[in-house]
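First up is the structure itself, then whatever we jot down about it.
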Protein chains: 2
Amino acid sequence: MAELSDPPVAGRGRPRSKNAHRAILEATRQLLEERGFVDLTIEEVAQRASVGKATIYRHWPTKGTLVFESFTVQFLAQQPLPDTGSLRGDLLASLRAWIRNVKGTVTGRTLVGLIAEVQRDPELAELWRDHFVVPVRAQHRLMIERAIERHEISSKTDVDVTLDLVFGAAYHRLLQSHLPLSDRFAQSVVDTIVGGLASEVERSPTHR
Amino acid sequence: MAELSDPPVAGRGRPRSKNAHRAILEATRQLLEERGFVDLTIEEVAQRASVGKATIYRHWPTKGTLVFESFTVQFLAQQPLPDTGSLRGDLLASLRAWIRNVKGTVTGRTLVGLIAEVQRDPELAELWRDHFVVPVRAQHRLMIERAIERHEISSKTDVDVTLDLVFGAAYHRLLQSHLPLSDRFAQSVVDTIVGGLASEVERSPTHR
DNA sequence: TAATTACGAAACGATACGTATCGTATCATA
DNA sequence: TATGATACGATACGTATCGTTTCGTAATTA
């Protein structure tokens, strides 16, 4: 994670200002809260940070990458890796934490804005997959793998599909906002999936 | 569906030109294919359709609503309502049709562009929910309700959550493009969900 | 000390938006 | 048949935002 912005190239010349870097990220954070992703402009970030616009572009190529760096720090810090002893408990705790983190929050609105932006900017999309989707999934994946080790679910379980079911449903409600991200929703999602995985154990009792 | 664009107000004055209306939609269709949602401009649509820019704005308030009308006709015509006799068969046929419709197609790219736009434009979001999400879900809902009537799954099944699981996972892969929308994916999604719903019948055998 | 690079400030060209205005065309109504 | 209302195509316009460039100055290395 450390450096998403262009790293200060060691060498000759005046070095990149860490103050400017910090001030830009802080101004971004503030303006995301005040205006949201869509109405945030690089121009205003520069003003707020008392920084030339060119300095921002020297560190980040696009608004998307800047907001992304400001966002991920915040987001990843709030995604726990629960260990309750059961798959149901882990998935439910994880999904509840995700909902708490995004529902009605600046983080949630920024997440939505970034996902929208990712669909319009292929370079940001790559950054997004490599430095957000993949790391978050790697962490979530552990919950499933532990359940497999406990022989709670089949070793043939498709881990990726399981994650897509749990969080795909959640992202779906976040992006389509057709129905609320209620706790009833979280429970129902997890219960159905865990039930489905358990039934696969019964059908193919090949786990030792 | 019929009229998403501002309907020609019956009354005095010169009526809206149906030719212009058709030409605009056709030019939009072409340019979506050539340029994609992001790079489609109203200016070019006007040129291509041999129409004044103002005429477009007279019919549709934004680029989003214009593309939306061009899109939905295409999309909804290709979403079948399967009736295979089993929930598994229906869901799988439906999900496969969805994947065929969006994977590597102009329709799919436009769908992605529209979902992104919906996150930036609250008015389009309302249109999207009322004239896309709700109708599509209403159709898909029938598959679940028929399974309930057949006593294949519990009458207590949360229909909305079930739909969010099936298509939420699919939209997730479409938007995050972390993994392919393979047929293996479709089967695994449906099997897990159907297994989960069936296990709920066993746990609460209250269906008559 | 000279070369090099970043700094803040500001002007710039480019693009696309959505609106306004022009003169013309087509309708309902009187 | 005449009048008023509205849409038409064409085009000019002002605004917003972008990302780049230029300026003189500051910081660092060779």
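Per chain, numbering begins at 1; letters A, B, ... match sequence-line order. Remember, predicted model here, so these are calculated numbers, not experimental data.
- Using a 4.5 Å cut-off on side-chain heavy atoms (C-beta onward), Ser188(B) and Asp191(B) make no contact.
- In this structure, His59(A) reaches the dC7(C) phosphate: one of its side-chain N or O atoms is under 4.0 Å from OP1 or OP2.
- Trp98(B) and Tyr171(B) have tilted rings, their planes meeting at an angle from 30° to 60° on a 0 to 90° scale.
- In this structure, CG of Asn19(A) is placed 13 Å from C1' of dA27(D), rounded to the nearest angstrom.
- Of the side-chain N and O atoms in Arg14(B), none sit less than 4.0 angstrom from OP1 or OP2 of dC8(D).
- The one candidate from Glu26(A), Glu34(A), Glu33(A) that meets the salt bridge (charged side-chain N to carboxylate O under 4.0 Å, His left out) condition with Arg48(A) is Glu34(A).
- As a whole-Å value, the separation of Trp60(A) CH2 from dC18(D) C1' is 18 Å.
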Inset, instruction - Determine, for nucleotides 8-22 of chain C in 5'-to-3' order, which nucleotides have protein heavy atoms under 4.0 Å from the base (write B), from only the sugar-phosphate (write S), or from neither (write -). - result: SB------SSBBB--

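- A donor-acceptor contact shorter than 3.5 Å is absent between the side chain of Arg16(A) and the backbone of Thr55(A).
- Between Val67(A) and Trp60(A), every side-chain heavy-atom pair lies at or beyond the 4.5 Å cut-off.
- Side-chain contact check for Gln187(A) versus Arg96(A): some heavy-atom pair is nearer than 4.5 Å.
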